[in-house]
Q: 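Here's a structure for you.
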Amino acid sequence: MSILVDEKTRVVVLGITGGEGTFHAQRMLEYGTKVVAGMTPGKGGTRHLGVPVYNTVAEAVRDQAATAAAIFVPPFAAADAIMESADAGVRLVVCITEGIPTFDMMKVKTFLRGKPVNMIGPNTPGIISPGKCKIGIMPGHIHTPGTIGIISRSGTLTYEAVQQVSKQGYGQSTAIGIGGDPIVGMKYIELLKLFRDDAGTDAVILIGEIGGTAEDEAAAYIKAEFPKPVVGFIAGQTAPPGRRMGHAGAIIAGGKGTAQEKMEALSAAGVHVAASPAEIGSTLKKALSGRR
Amino acid sequence: MKIHEFQAKQILAKYGVRVPRGAVAEQPAAAKDIAERFGPRVVLKAQIHAGGRGKGGGIKVVTTPGEAEVLAKRMIGMTLVTPQTGPEGKVVKRLLVEEALDIGRELYLGIVIDRAREAAVLMASTEGGVEIEKVAAEKPELIFKEYVHPGTGLLAFQARKLAFALGLDGDTQKQAVKFILGLYKAFEGSDASLAEINPLLVTTQGDVLALDAKMNFDDNALGRHPDIQAMRDLDEESPLEVEASKYNLNYIKLDGNVGCMVNGAGLAMATMDIIKYSGGMPANFLDVGGGVTEEAVTNAFKILVSDTDVRAALINIFGGIVRCDMIANGVVKAAKALGTKIPIVMRLEGTNVDLGKKILEDSGLPFSMATGMKDAAEKVVAFVR
């Protein structure tokens, strides 16, 4: 099984006619994702990659019953694209775009509150339920269907974890990139709740990094309410304080948000924490073989 | 992005936030002129990004324009060492020369983004002129907070709450409310990530001004603020980091001797971590980005080996969509152009990985191939032992 996306998900790609949108929508279609529409203002009525293009998301929802939106729109227009998608009634918005200003995302979160929509990202490779649906830019071929859920703030580090996990003989139920920015949509706790209730997920891998308190909050939730095994890895154990390490959200500010503190919080909550990034797969194997 | 105090005060002035009268002096004679305009008592303030300037002799009060010129001659060009600059200090290129004001009370006002609350938060404290982290640790009840609703911005009643909490009344309280509202407008209007007024001065006459001002900006938003982008001071950044930013590469110089180049920030941090885990010290953080091109790889490699501290390098590329043969070509091109002699460990995963490996093996250059991150880290650390 899976969470959030499966073979029934119908995707409208915002920015489909742009370079990034075209490249990745093509690969999503090749993977088997039901890309049912594209949206580029001014290109409505045309077809692109064999898919109808609309001027607005509302039309894509009306005509093609789109249930999810993939955002491949430049940074200063992306917040508006997210809000248009939510307003049009899609249930899931996946925003790939990196570089959206923090103030824009604070306004997006305020706009989304109370609406029946989930957001993944921004600054994310996306979400994939292997064999069923891929919304994003991750390489489909390294994923295999299975029972391990993955929640990560990273892109290529997630692929590294997926590959290690696959090598150990475990497939993935759903892998989600929650994004590298300081203000994002769904974070660890909301996704852990979905994985907890997903009969097809036996264990979860949580990949975090320096900056913010999302992993610490997740640790508290895991300790109190998450019964399945969790494996954790936190990147940035060697990061210097006060510097932004690539991701907008990866910064140790005022001494807070260090990797060590997150690893301690997760360990104390019963998470199997891998100290080395090369041991994520082997730590999962140990955690699962420890179960009776 | 960081800016100088004088630039932050320029931005604040634009938003109607009151700052002391003054101007920037890059020559001693200019300091004298400014002192004649706004003095005779003026403060000479060294303009460097780092804090703690007073402790290093970077902030001085003088009583005559003549004294201003003499002191400016000593301060301009000095290497200012503060607890925040590191022992090598920073060369002072300019001074902010301001009217010296009569200090009544020193308060604190700051705005940051609270990630957990997903909102900007205003913090005000009666304990100005000291480090706010100390106040937060020892007397948190003296810090007053107001969270800003992203849909409305800071509301007037919130500014009043803070002003009254600071124990202000009468005209001073009204000035403080205007100041706080203006500060927030400046913060949101310029897409700042931090605005700190420490101290917020109440003069003996009851006027409210920013005695110091510090503003940092959201890098993601700079594209819509060309005027703030123009305030960037390249002298405050390390040369290799400046070079890397030209190619949109994320590069941070560290203390070690094992260089690394990776696609993706999380994987790049994890690569630094595993180098240390294997007994080495990373020389840098370098993320060539998820959508890496051959040109980016070539430029990244050149920056990586320009650091003379680097004695061996690890290139870790998980190319999901990115083609490994393209990566290999970029690295070989750069290595040949530079005549690189240091050992380079390559760990490639993804599309066309075998073709990529072949290109590296056939190049005749000192590449070692690794399988997996552990093997890669151990190999590169072995080279520097």
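Letters A, B, ... are given to chains in the order of the sequence lines, protein chains preceding strands, and every chain is numbered from 1. Any value given below was found using the heavy atoms of this structure, including those in side chains, with hydrogens, waters and symmetry copies removed.
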Q: Please classify the contact of B/Arg117 with chain A as side chain, backbone, both or neither, using a heavy-atom distance under 4.5 Å.
A: neither
Q: May I ask you to check whether B/Glu196 and B/Tyr108 show a side-chain donor-acceptor distance below 3.5 Å?
A: yes
Q: Less than 4.5 Å to any heavy atom of chain B: does that hold for the side chain of A/Phe233, its backbone, both, or neither?
A: side chain
Q: Report, in residue-number order, which members of residues 98-108 of chain A are under 4.5 Å from chain B by heavy-atom distance.
A: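 Within residues 98-108 of chain A, the residues that come under 4.5 Å of chain B (heavy atoms only) are A/Gly99, A/Ile100, A/Pro101, A/Thr102, A/Phe103, A/Asp104, A/Met106, A/Lys107.
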Q: Counting only heavy atoms closer than 4.5 Å, note whether B/Glu349 contacts chain A via side chain, backbone, both or neither.
A: side chain
Q: Shorter than 4.5 Å, heavy atoms on both sides: which option in B/Ser193, B/Ala119, B/Ala221 has the most such pairs with chain A?
A: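 Most heavy-atom pairs within the cutoff with chain A belong to B/Ala221.
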Q: Can you tell which part of A/Pro75 gets under 4.5 Å to a heavy atom of chain B, answering side chain, backbone, both or neither?
A: neither
Q: Do A/Glu279 and A/Thr283 pair up side chain to side chain, a donor and an acceptor below 3.5 Å, judged on atom types alone?
A: no
Q: Given that the side chain runs from C-beta out, which part of B/Asn220 has a heavy atom under 4.5 Å from chain A: side chain, backbone, both or neither?
A: both
Q: Go through the atoms of A/Glu20 and report whether side chain, backbone, both or neither lie under 4.5 Å from a heavy atom of chain B.
A: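 Contact with chain B involves no heavy atom of A/Glu20 at all.
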Q: Is it the backbone or the side chain of A/Ile207 that comes under 4.5 Å from a heavy atom of chain B, or both, or neither?
A: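 Contact with chain B: none, neither part.
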Q: Please tell me whether B/Asp309 and B/Asn257 have a donor and an acceptor in their side chains that are separated by less than 3.5 angstrom.
A: no
Q: Do NZ/NE/NH1/NH2 and the carboxylate oxygens of A/Glu261 and A/Lys256 come within less than 4.0 Å?
A: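 No, A/Glu261 and A/Lys256 are not salt-bridged.
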Q: Looking at B/Glu241, B/Lys374, B/Met281, which has the largest count of heavy-atom pairs under 4.5 Å with chain A?
A: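 The candidate making the most pairs under 4.5 Å is B/Glu241.
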Q: Quick check on A/Gln163 against chain B: is it the side chain, the backbone, both or neither that has a heavy atom closer than 4.5 Å?
A: side chain
Q: Hey, does the Lys NZ or Arg CZ of A/Arg243 hover above the aromatic six-ring of B/Phe285, less than 6.0 Å from the centre and inside 45° of the axis?
A: no
Q: Is it the backbone or the side chain of B/Phe217 that comes under 4.5 Å from a heavy atom of chain A, or both, or neither?
A: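 Neither part.
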Q: Non-hydrogen atoms of chain A under 4.5 Å away: do they reach the side chain of B/Glu118, the backbone, both or neither?
A: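 Both parts, heavy atoms under 4.5 Å.
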Q: Given the options A/Met245, A/His247, A/Gln237, A/Glu209, which has more heavy-atom pairs under 4.5 Å with chain B than any of the others?
A: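 Greatest number of close heavy-atom pairs with chain B: A/Met245.
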Q: So for B/Asp219, is it side chain, backbone, both, or neither that comes closer than 4.5 Å to the heavy atoms of chain A?
A: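 For B/Asp219, the contact with chain A is made by the side chain alone.
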Q: Need one label for A/Ser154: side chain, backbone, both or neither, based on atoms under 4.5 Å from any heavy atom in chain B.
A: side chain
Q: Only pairs at least two apart or in different chains count here, so list each salt bridge (Lys or Arg N to Asp or Glu O under 4.0 Å) that has a residue in residues 261-285 of chain B.
A: none
Q: Considering only heavy atoms, which portion of A/Tyr159 lies under 4.5 Å from any heavy atom of chain B: side chain, backbone, both, or neither?
A: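 Both parts, heavy atoms under 4.5 Å.
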Q: Knowing that exactly one of A/Ile137, A/Ile135, A/Val94 qualifies, which makes a side chain to side chain contact (heavy atoms under 4.5 Å, CB included) with A/Pro125?
A: A/Ile137
Q: Under a 4.5 Å heavy-atom cutoff, which of A/Ala250, A/Ala248, A/Gly236, A/Ala278 has the most pairs with chain B?
A: A/Gly236
Q: Which distance, rounded to the nearest 0.5 Å, do you find between the CD of A/Glu264 and the CG of A/Asp216?
A: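 Result: 10.0 Å between the selected atoms.
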Q: Looking only at the side chains, is there a donor atom on one of B/Arg224 and B/Ser190 sitting less than 3.5 Å from an acceptor on the other?
A: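 No donor-acceptor contact under 3.5 Å links the two side chains.
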Q: Looking at A/Gly155, A/Gly211, A/Ala239, which has the largest count of heavy-atom pairs under 4.5 Å with chain B?
A: A/Gly211
Q: Which bit of A/Ala275 comes within less than 4.5 Å of chain B, counting heavy atoms only: side chain, backbone, both or neither?
A: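 Both backbone and side chain.
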Q: Are more than 12 heavy atoms from other residues, nucleotides or ligands located less than 6.0 Å from atom CD of B/Gln229?
A: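 Result for CD/B/Gln229: enclosed.
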Q: Which one wins on heavy-atom pair count under 4.5 Å against chain A: B/Gly223, B/Gly350, B/Ala268?
A: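 With the most close heavy-atom pairs to chain A, the winner is B/Gly223.
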Q: Got a donor-acceptor contact below 3.5 angstrom from the A/Lys262 side chain to the A/Gly208 backbone?
A: no
Q: Which distance, rounded to the nearest 0.5 Å, do you find between the OH of B/Tyr15 and the CD of B/Glu188?
A: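 These two atoms lie 9.5 Å from each other.
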Q: How about A/Phe72 and A/His24: are their ring centroids closer than 6.0 Å?
A: yes
Q: Between B/Ala116, B/Gly266, B/Ala120, who has the most heavy-atom pairs with chain A when the cutoff is under 4.5 Å?
A: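 Most heavy-atom pairs under 4.5 Å with chain A: B/Gly266.
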Q: Is there a donor-acceptor pair closer than 3.5 Å between any side-chain N or O of B/His149 and the backbone N or O of B/Gly151?
A: yes
Q: Report which part of A/Arg244 has an atom under 4.5 Å of a heavy atom belonging to chain B: side chain, backbone, both, or neither.
A: both
Q: Given a strict heavy-atom distance threshold of 4.5 Å, which part of B/Ala192 is in contact with chain A: side chain, backbone, both, or neither?
A: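 Looking at B/Ala192, just its backbone touches chain A.
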Q: Looking at B/Ile274, is its backbone amide N or carbonyl O close enough to the side chain of A/Ser276 to form a donor-acceptor pair, meaning the two atoms are under 3.5 Å apart?
A: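 No.
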Q: Do A/Ile178 and A/Ile151 touch side chain to side chain, with heavy atoms closer than 4.5 Å?
A: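 Sidechains of A/Ile151 and A/Ile178: in contact.
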Q: Looking at A/Phe111, I'd like to know if the NZ or CZ of A/Arg113 sits under 6.0 Å from its six-membered ring centre while staying within 45 degrees of the ring's axis.
A: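 Negative - A/Arg113 is either too far from the ring of A/Phe111 or too far off its axis.
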